[in-house]
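Along the sequence shown, residues are numbered consecutively beginning with 1. All heavy atoms count here, side chains included; hydrogens, waters and symmetry mates do not.
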Amino acid sequence: MKLAVLDDYQRVALDSADWKSLKGVQVKVFDRPFASLDEAARKLKPFDILCLMRERMPFPRQLSDRLPNLKFVNLTGRRAGSLDSKALAERGIPVSHTGTGNGTASTVELTWGLILAAARNLEKASTNMRSGKWHQALPAGTALQGKTLGLVGAGGIGAKVGLVGKAFGMDVIAWSSNLTPEKAGAAGVRCVAKDELLSTADVVTIHMVLSDKTRNLLGRKDLEKLKPGALLVNTSRGPLIDEKALLAW
């Protein structure tokens, strides 16, 4: 039996489990992305079991249908929108998930790391310092106190991002299709309409689960409503934003 582990870091993947205890099982780690679906199908065809790192690569029906030996799929995390589990179920291939980790805390911290880096031009400042330019051509950073933070989604992660925003002295507003004033109040934020959030927030952060309903949640017309100079941070899933519209924004 052959088992493939798809991970960015081979050492981490091999250290994550006692693979030697799987007697008679050949384990191979793929630590580079496949160039195409054809390459993925060709290289994964011999394997009976696949261990996936959440959504590091798309796994549509067109791929799983080309893996005749596949008998079991395991992935980290509770969900993976890029995995066509229905196609696997139709073939009787079970899919198992790991339990939750500390994703909420790390995502909240990453969100604020990106906000601060963008507001303070930290990437440009670091490049300047390393090249000896100091403040040359470096715009002044933006203080967050008194600014408005708009949360697209105020669930477990969004609400915690909002708490940090309040600590910075920001006015925190939120919107999602199922957010009510009562739910927003319980999260300590103010519920507003989508258009109001986009047009008034100085910082917009996205905290939504990717689904057919939320795909392209922010399109071209939504992006055009953002204030000049507004910051947009998405630490959820890329397709929540219309990526073609984002590139043209």
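Between the Glu39 side chain and the Ala35 main chain, a donor and an acceptor come within less than 3.5 Å of each other. Here the side chain of Thr214 pairs no donor or acceptor atom with the backbone of Leu217 at under 3.5 angstrom. A donor-acceptor pair is defined here as one N or O able to donate and one able to accept, closer than 3.5 Å; such a pair exists between the side chain of Asp84 and the backbone of Ala87.
The cluster map of Ile, Leu, Val, Met, Phe, Trp and Tyr, joined by side-chain heavy atoms under 4.5 Å apart, puts Leu163 and Val204 in different clusters. Under the 4.5 Å side-chain heavy-atom criterion for ILVMFWY residues, a single connected hydrophobic cluster contains both Leu116 and Leu110. Hydrophobic clustering (side-chain heavy atoms under 4.5 Å, transitive across Ile, Leu, Val, Met, Phe, Trp, Tyr) groups Met1 together with Val27.
Remark: Lys244 engages Asp242 in a side-chain contact (heavy atoms from CB on, under 4.5 Å) (not counting sequence neighbours).
Within the 4.5 Å cutoff, the side chain of Asn74 has no heavy atoms near those of the Val95 side chain. Residues Arg190 and Asp171 form a side-chain contact, since some pair of their non-hydrogen atoms from C-beta on lies under 4.5 Å apart. Two residues are said to be in side-chain contact when any heavy atoms from C-beta on lie closer than 4.5 Å; Val164 and Val161 fail this criterion. In this structure, Arg215 and Leu240 have side chains that are not in contact, with every pair of non-hydrogen atoms separated by 4.5 Å or more. With contacts defined as side-chain heavy-atom distances shorter than 4.5 Å, the pair Leu75/His97 qualifies. When side chains are defined from C-beta on, Ile49 does not count as touching Lys2, because their heavy atoms never get closer than 4.5 Å.
For the pair Leu37 and Pro60, the tightest heavy-atom approach, listed with the atom from each and the gap, is CD1-CG, 4.0 Å. Smallest separation of non-hydrogen atoms from His207 and Ser236: CA-OG, 3.2 Å. Shortest non-hydrogen contact noted between Trp175 and Lys194 is CD1-N, 3.4 Å. Minimum heavy-atom separation, Ser64 to Phe59: CB-CE2, 3.9 Å. Residues Glu243 and Gly238 come closest through the heavy atom pair OE2-C, 3.5 Å. Scanning all heavy atoms of the two residues, the minimum distance from Cys191 to Leu179 falls at SG-O, 3.8 Å.
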key: side-chain contact (heavy atoms from CB on, under 4.5 Å) between Met208 and Ser176, intermediate numbers included   = CA-CA 8 Å; Met208 301 283 284; Ser176 73; 4.1 Å; yes
ask   = Could you go step by step and tell me if Leu218 and Leu246 meet the side-chain contact (heavy atoms from CB on, under 4.5 Å) rule?
value = CA-CA 9 Å; Leu218 296 187; Leu246 183 62; over 6 Å; no
ask   = Given the rule in the side-chain contact (heavy atoms from CB on, under 4.5 Å) test, do Ile206 and Val233 qualify, once you have shown the distances and angles that lead to the verdict?
value = CA-CA 6 Å; Ile206 304 176; Val233 175; over 6 Å; no
query = Does the side-chain contact (heavy atoms from CB on, under 4.5 Å) test come out yes or no for Leu50 and Leu3, once each step is laid out?
reply = CA-CA 6 Å; Leu50 299 180; Leu3 184 153; over 6 Å; no
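Taking NZ of Lys28 as the reference point, atom NZ of Lys43 lies at 8.0 Å (rounded to 0.5 Å). The distance from atom OG of Ser199 to atom CG of Asp222, rounded to the nearest 0.5 Å, is 11.0 Å. For the atom pair OG1 of Thr205 and CG of Asn234, the computed distance is 9.0 Å after rounding to the nearest 0.5 Å. Remark: Leu114 CG to Leu232 CG distance equals 11.0 Å, nearest 0.5 Å.
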Do any side-chain atoms of residues 139-156 form donor-acceptor pairs under 3.5 angstrom with protein atoms, and if so which ones, sequence neighbours left out?
from, atom 1, to, atom 2, distance (Å)
Lys147, NZ, Ala143, O, 3.3

Show me the donor-acceptor pairs, under 3.5 Å and distance only, between side chains in residues 65-73 and residues at least two apart or in other chains.
from, atom 1, to, atom 2, distance (Å)
Arg66, NH1, Asp38, OD1, 2.8
Arg66, NH2, Asp38, OD1, 3.2
Asn69, ND2, Lys45, O, 2.9
Lys71, NZ, Asp48, OD1, 2.7
Lys71, NZ, Asn69, O, 3.1

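Aromatic ring orientation, Phe30 versus Phe47: perpendicular (interplanar angle above 60°, classes split at 30° and 60°).
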